[in-house]
Amino acid sequence: MYPYLKELNDIQREAVEAVEGPSLVIAGAGSGKTRVLTYRITHLLNLGKAPSNILALTFTNKAAREMKDRIGNMIGNKIIKYLWMGTFHSIFAKILRIESKLINYPSSFSIYDSQDSKNLIKTICKELNLDPQVYKANEVLGRISFAKNNLVTASNYANNFQIKTSDKNSRKPEIYRIYQIYENRCKTAGAMDFDDLLFKTNMLFDQFPEILKKYQEKFKYILVDEYQDTNFSQYLIIKKLANKHHNLCVVGDDAQSIYAFRGARIENIFNFKKDYPENKVFKMEQNYRSTQNIVNAANSVIDKNKSQIKKNVYSENESGNKIKLFEAYTDHEEGYLIANMINDIRYRDHDNFSDFAILYRTNAQSRILEEALRKKNIPYKIYGGLSFYQRKEIKDLLAYFRLIINPLDDEAFKRIINYPKRGIGKTSLDKLLQLAKDQDISIWQAATKLNVVNIQLSGAVVKKFHEFMGLISNFTTMINTDDAYEVARKIAVNTGILKDLHSDKTPEGISRHENIQELLNGIKEFTNTEEEDTPNLIEYIENVSLLTNDDKSNDNNNDKVILMTIHSAKGLEFKSVFLTGLEEDLFPSKFTVSNITELEEERRLFYVAITRAEKNLCISYAKTRYRWGQLVDCRPSRFIRDINPDFIEQESPLLTMKNYKSKNRFNLKQESTPDKNTEKSYSSFKKQNDKTSTFNSRLKKINKTSSTNISTTEGNNTEGIKTGEIVEHERFGQGTVVNIEGDFPNTKATIEFNSAGTKQLLLKFAKLKVIKKYN
DNA sequence: TGCGTGCTTCTTTTT
DNA sequence: GAAGCACGCA
């Protein structure tokens with residue numbers, strides 16, 4: 001018996017050893033899923049299977065990397081690179097590049113990220129004269145994405161009665177045209193979006209059976225992680241590939257399916273037994289991660305869901321503490337409470353900062369939490385959010401890389417044609433775009449025709465275009481000879497990007513410059529592999545297009561509290577977890593509560609969040625929270641009531657701010673002296689509430705837009721606006737201020753509007769423009 | 001043509 | 001509260 005098999009429990013071991021035939025591993029939270037996958041691959045290799053015959057698919061780069069590391073530790077790193085292991089998108093991008101000729105794409109096709117896709121859709125909508133209010137890029141992209149994930153081509157879309165009816169009903173009957181043009185443009189640009197990578201793989205396998213056969217024979221052993229998150233497109237690819245050998249092992253947990261919103265089909269895991277009748281099922285139900293109390297609480301939550309595979313997840317760890325529930329007065333206080341708790345627990349248990357995670361439903365919630373941590377000098381790190389690769393300066397430089405590698409890439413072209421400034425403005429570019437559109441060619445191709453086509457561009461402008469193209473072409477030749485870092489550095493220097501950023505001495509400019517340097521360093525690292533041939537820029541960009549948030553982790557201080565969305569926390573575990581913002585409309589999100597299926601997905605998300613915790617779990621909600629720059633009242637989430645009360649306890653409101661009224665937010669008066677604990681929190685709370693700075697800046701704006709001389713002295717009751725003045729309101733039009741009452745900041749003005757009669761407005765929120773001063 | 005300003009919109013989650 | 005967009009001025 002192989003020694004590593006002894007480290008597994010019975011079910012895990014059976015799952016690892018059942019290498020032939022289809023197996024379904026139902027892996028409850030914390031049951032050692034990754035372990036089974038890595039051991040299974042190790043086992044395959046030990047049985048003498050060739051690494052190049054093994055295909056292992058994950059959803060995130062993080063998961064792939066972790067698995068590689070762990071297998072590397074068991075069997076050595078040399079073999080790893082022959083394994084086909086990576087995300088769905090990266091693996092099939094690789095295959096598509098190899099087979100690109102068959103589907104008429106350049107092997108160096110670009111990959112459009114969602115921003116590129118949205119920009120393209122916006123452009124198309126503009127060309128079609130469609131109302132951008134109705135045809136929102138996000139929604140249109142969503143529809144196209146939905147279609148692609150269900151293998152509906154643009155022409156099928158146009159001919160599908162059901163889809164068209166649905167589009168008509170949502171008053172967007174032109175989406176089919178957008179889809180067609182979008183497809184066309186991607187094709188001429190030699191670009192694929194994320195969904196295309198899967199969609200076109202399906203097309204490739206359908207249209208070229210001999211190619212499918214080649215990969216079927218190659219991938220004798222297929223493993224799929226997080227099977228519950230596969231969409232239809234992914235499901236079909238797997239089905240096709242596994243059709244020959246049937247050595248397919250899928251691992252997943254239906255209770256942790258949280259990506260239906262982007263097309264994941266939880267049914268895939270339910271239907272596995274039907275799809276592969278000779279299947280073996282392994283149910284891993286023992287949770288090694290969390291205390292009994294946490295596991296029980298999580299079970300009591302997921303029990304409320306109707307659609308699920310029944311499981312008996314249990315823990316044999318200590319019973320542990322109850323879940324703590326905190327009611328905070330405001331979002332700021334929530335952060336303050338958490339920061340205090342972290343310090344307390346850390347001190348009590350001698351923990352590291354990295355033992356703590358703060359989870360939230362939306363990225364927007366992170367800022368206030370950060371603020372609280374900073375005030376307490378707690379180091380933290382945010383996962384996700386605006387990722388490094390989404391920053392403007394990074395995208396600019398990457399756009400150069402993309403265009404150099406694939407000159408057809410229209411979105412890259414548009415991004416950098418005038419960055420840094422080279423005197424090509426909107427008007428000139430528009431003419432070029434028109435030419436490209438008329439001739440149905442890429443922008444680059446259109447630009448090469450400027451000399452022969454009769455176009456209303458001055459010779460000087462044409463020359464500028466050609467200079468730009470010369471610049472790009474120079475680099476193109478360099479790519480194959482120089483290594484990635486050298487080329488990248490030259491691009492950053494010769495294009496003037498570095499110079500442009502270097503001259504910007506604002507803090508943002510300096511930070512941008514640093515980011516570029518950091519990217520260059522990243523490329524250097526990428527080229528410093530142990531392999532014989534150093535990778536060129538093409539390989540780098542192929543790699544980087546599919547990287548997202550989490551990847552950049554070259555931070556040497558890793559002892560930090562982790563902040564992230566619940567979605568990105570999947571697969572991770574922390575000794576202590578703070579789950580924040582448990583409020584109706586936030587979690588569950590207001591977009592989901594009307595639909596049972598979606599609500600169940602939110603509940604699974606809640607389940608995922610709970611099961612991240614090993615020992616301590618604190619759940620919190622705020623009674624008021626800033627949203628859209630306004631304070632809103634919040635109710636505690638229904639999910640809190642889903643937890644069996646035996647496993648949760650409300651913390652005594654030691655720190656909560658009973659003292660402050662919630663209704664009269666602009667009248668924050670201290671009814672009694674706050675205790676020491678709340679004092680600091682109160683001051684930050686009040687500061688935020690006053691929004692003095694915002695108010696003053698609005699006054700400044702009023703000052704600027706009007707010709708009146710308005711005093712902005714603080715303490716002046718009217719804060720600038722006086723009776724008798726004529727003001728303009730965005731909705732009610734012009735009116736006269738007839739009365740002012742109340743103290744700053746809740747000054748109320750009564751205004752007689754010509755159109756709308758007399759209105760009382762809270763000046764703080766009234767959008768007023770002073771037209772002229774009466775006296 | 002470029003740049004600054006102010007207005008509007010948007011925020012659920014991500015490969 | 002940020003980012004894109006339109007508008008108007010230099």
Side-chain angles (χ1 to χ4, degrees), chain A residues 57-64 86-93 111-115 117-119 122 126 132-133 136-139 142 145 149 193-198 226 229-231 233-234 257-264 359-368 383-387 389-390 392 418-419 421-430 458 460-461 464 508 545-551 564-570 581 585-593 598 601-602 604-605 608-609 626-630 688 691 693-694 697-698 700-702 704-705 730 767 769:
Chain A
L57 297 167
T58 65
F59 273 82
T60 62
N61 297 303
K62 198 163 54 183
T87 62
F88 274 88
H89 291 85
S90 70
I91 293 287
F92 296 116
I111 297 174
Y112 277 179
D113 66 17
S114 6
Q115 197 53 54
S117 300
K118 272 182 232 164
N119 288 343
K122 273 185 208 158
K126 212 177 257 175
Q133 306 275 14
K136 288 178 186 156
N138 233 339
E139 280 175 34
S145 173
N149 285 333
D193 65 17
F194 286 139
D195 300 314
D196 279 334
L197 296 174
L198 308 169
E226 309 277 15
D229 284 336
T230 47
N231 64 29
S233 190
Q234 289 161 325
S257 160
I258 53 175
Y259 285 111
F261 74 91
R262 66 172 204 219
L359 307 182
Y360 36 78
R361 180 64 177 75
T362 71
N363 279 311
Q365 287 162 256
S366 73
R367 196 171 341 106
I368 287 163
Y383 264 73
L386 188 62
S387 92
Y389 297 103
Q390 310 248 28
K392 183 192 171 303
N418 200 29
Y419 178 78
K421 305 263 178 303
R422 45 177 72 86
I424 299 175
K426 196 172 173 302
T427 333
S428 315
L429 182 61
D430 278 347
S458 72
V461 175
K464 281 178 190 164
E508 297 86 50
S545 313
L546 292 167
L547 288 185
T548 38
N549 317 316
D550 52 287
D551 193 60
M564 61 176 127
T565 63
I566 304 168
H567 280 87
S568 40
K570 193 159 81 153
D585 291 351
L586 183 59
F587 189 22
S589 151
K590 66 174 169 189
F591 295 90
T592 62
V593 288
E598 290 179 354
E601 173 150 316
E602 291 279 302
R604 291 194 293 270
L605 192 58
V608 168
Y626 267 97
R627 253 167 119 173
W628 265 312
Q630 284 196 359
Q688 186 64 25
K691 288 188 98 184
S693 53
T694 314
S697 80
R698 175 156 295 153
K700 272 180 209 150
K701 281 178 192 169
I702 291 174
K704 264 190 163 174
T705 46
E730 54 176 3
K767 288 204 170 179
K769 203 174 183 177

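Side chains included, hydrogens not; waters and symmetry mates left out as well; all remaining heavy atoms used. We name chains A, B, ... by the order of the sequence lines, and we start the count at 1 in each one.
- Two residues, A/A364 and A/H89, neighbour DNA chain B, and the one matched to the more 5' nucleotide by heavy-atom proximity is A/A364.
- Within the 4.0 angstrom heavy-atom criterion, no nucleotide atom of any strand lies near A/L197.
- In this entry the distance linking CD of A/E139 with P of B/dT12 reads 11 Å, nearest Å.
- Between the CG atom of A/N363 and the P atom of B/dT12 there is a distance of 11 Å, given to the nearest Å.
- Nucleic acid contact for A/S90: none, since no nucleic acid atom lies under 4.0 Å from a heavy atom of the residue.
- Going from atom NZ of A/K62 over to atom P of B/dT15 covers 8 Å, rounded to whole Å.
- Across the protein-nucleic acid pair, A/N138 atom CG and B/dT9 atom C1' stand 12 Å apart, rounded to whole Å.
- As a whole-Å value, the separation of A/Q115 CD from B/dT15 C1' is 16 Å.
- Atom CG in A/D430 sits roughly 15 Å away from atom C1' in B/dG2 (whole-Å rounding).
- The listed nucleotides are B/dT15, C/dC5, C/dG1; the one nearest the side chain of A/R367 is C/dG1.
- The aromatic ring of A/F59 does not stack onto the base of B/dT15, failing the criterion of a centre distance under 5.5 Å from the six-membered base ring together with planes under 30° apart.
- Distance, A/L359 CG to B/dT13 C1': 13 Å, rounded to whole Å.
- Looking only at distances, a side-chain donor or acceptor of A/H567 sits under 3.5 Å from a matching main-chain atom of A/I258.
- C/dG1 atom P lies 8 Å from atom CD1 of A/I368, rounded to whole Å.
- Every side-chain contact (heavy atoms from CB on, under 4.5 Å) that A/A260 has, sequence neighbours left out, goes to A/E601.
- The shortest distance between the side-chain N/O atoms of A/T60 and the OP1/OP2 oxygens of B/dT14 is not below 4.0 Å.
- Within 4.0 Å of A/N418, counting heavy atoms only, lie sugar-phosphate atoms of the nucleic acid but no base atom.
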